[in-house]
Amino acid sequence: MEEETHIKTISHGDESQNILSPYYLHPGESPGMVLVSPPLNANNYHTWSRGMIRALWSKNKLEFVDGTLPMPKKEDANYKAWQRCNIMVVTWITQSLSPQIAQSTIYIDNAKKLWDELKERFTKGNYFRVYDLLQEIHSIK
């Protein structure tokens with residue numbers, strides 16, 4: 001009962017201190033953490049994204065990439081907490097990319113935009129590859 005009261009009290013104040021909030025960052029979490037291994041390369045987007053979704057979900061940060069937690073207005077009390085968590089998620093994603101891919105995303109500072117960019121870039125190529133493989137299969141005699 002005492003713990004519930006503590007959580008409710010915190011939730012009305014600073015959301016970044018509420019362990020149930022997506023704005024909460026555990027003291028042990030750092031920008032250098034690698035959440036998924038192996039890193040994203042040109043051939044493993046689907047397995048990489050599944051692993052990253054699981055990792056972000058376990059850290060209560062999936063909302064930063066799926067669009068369900070948009071950036072608050074600058075006047076909002078949670079704006080700075082959102083910015084801090086967003087950059088942490090961007091850094092975690094970047095740490096889980098191959099060096100070449102990471103370099104190409106260096107100017108994307110929004111987790112959802114980064115997530116969407118990677119999805120766009122690496123799922124399109126798979127459709128062309130599937131088409132090529134189907135053509136090869138049909139040409140086999």
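We use all heavy atoms of the structure for the numbers below, so side chains are in, but hydrogens, waters and symmetry mates are not. Remember, it's a predicted structure, so these values are computed and weren't measured experimentally.
Tracing side-chain contacts under 4.5 Å through hydrophobic residues (I, L, V, M, F, W, Y), one reaches Tyr79 starting from Val90; they form part of the same cluster. Residues Tyr45 and Trp57 are members of one and the same hydrophobic cluster, defined by side-chain heavy-atom contacts under 4.5 angstrom among Ile, Leu, Val, Met, Phe, Trp and Tyr.
Here the straight-line distance linking atom CG of Leu40 with atom CD of Gln100 works out to 11.0 Å at 0.5 Å rounding. Here the straight-line distance linking atom CG of Leu118 with atom OG of Ser49 works out to 10.0 Å at 0.5 Å rounding. Within the model, atoms NZ of Lys112 and CD of Glu63 stand 13.0 Å from one another, a figure rounded to the nearest 0.5 Å. Expressed to the nearest 0.5 Å, how far CD1 of Ile93 lies from CH2 of Trp48 amounts to 5.5 Å. Between the OG atom of Ser16 and the CG atom of Asn78 there is a distance of 8.0 Å, given to the nearest 0.5 Å. Separation of atoms CD1 (Ile108) and CG (Asp116) is listed at 9.5 Å; rounding is to 0.5 Å.
Side-chain contact between Met71 and Asp76 is absent, with no heavy-atom pair separated by less than 4.5 Å. The shortest side-chain heavy-atom distance between Ile53 and Trp115 falls under the 4.5 Å cut-off. Residues Lys59 and Met33 meet the side-chain proximity criterion, which asks for heavy atoms closer than 4.5 Å. With contacts defined as side-chain heavy-atom distances shorter than 4.5 Å, the pair Leu69/Pro22 qualifies. At least one side-chain heavy atom of Cys85 sits under 4.5 Å from a side-chain heavy atom of Lys61. Residues Asn44 and Phe122 are not in side-chain contact: their nearest non-hydrogen atoms beyond the backbone lie 4.5 Å or more apart. With contacts defined as side-chain heavy-atom distances shorter than 4.5 Å, the pair Val89/Val65 qualifies. Annotation: side chain of Leu114 is in contact with side chain of Thr94 (closest heavy-atom distance under 4.5 Å).
Exactly one residue among Met88, Gln83, Arg84 makes a side-chain contact (heavy atoms from CB on, under 4.5 Å) with Asn86. That residue is Gln83.
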So Leu56 and Trp92, side-chain contact (heavy atoms from CB on, under 4.5 Å) or not? Walk me through it.
CA-CA 9 Å; Leu56 292 172; Trp92 286 338; 4.0 Å; yes
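A salt bridge links Arg121 with Glu117: the distance from a Lys NZ or Arg NE/NH1/NH2 to an Asp or Glu carboxylate oxygen falls below 4.0 Å.
Aromatic ring pairs are classed by plane angle as parallel below 30°, tilted from 30° to 60° and perpendicular above 60°; the pair Tyr24 and His26 is perpendicular. Aromatic ring orientation, Tyr23 versus Phe64: perpendicular (interplanar angle above 60°, classes split at 30° and 60°).
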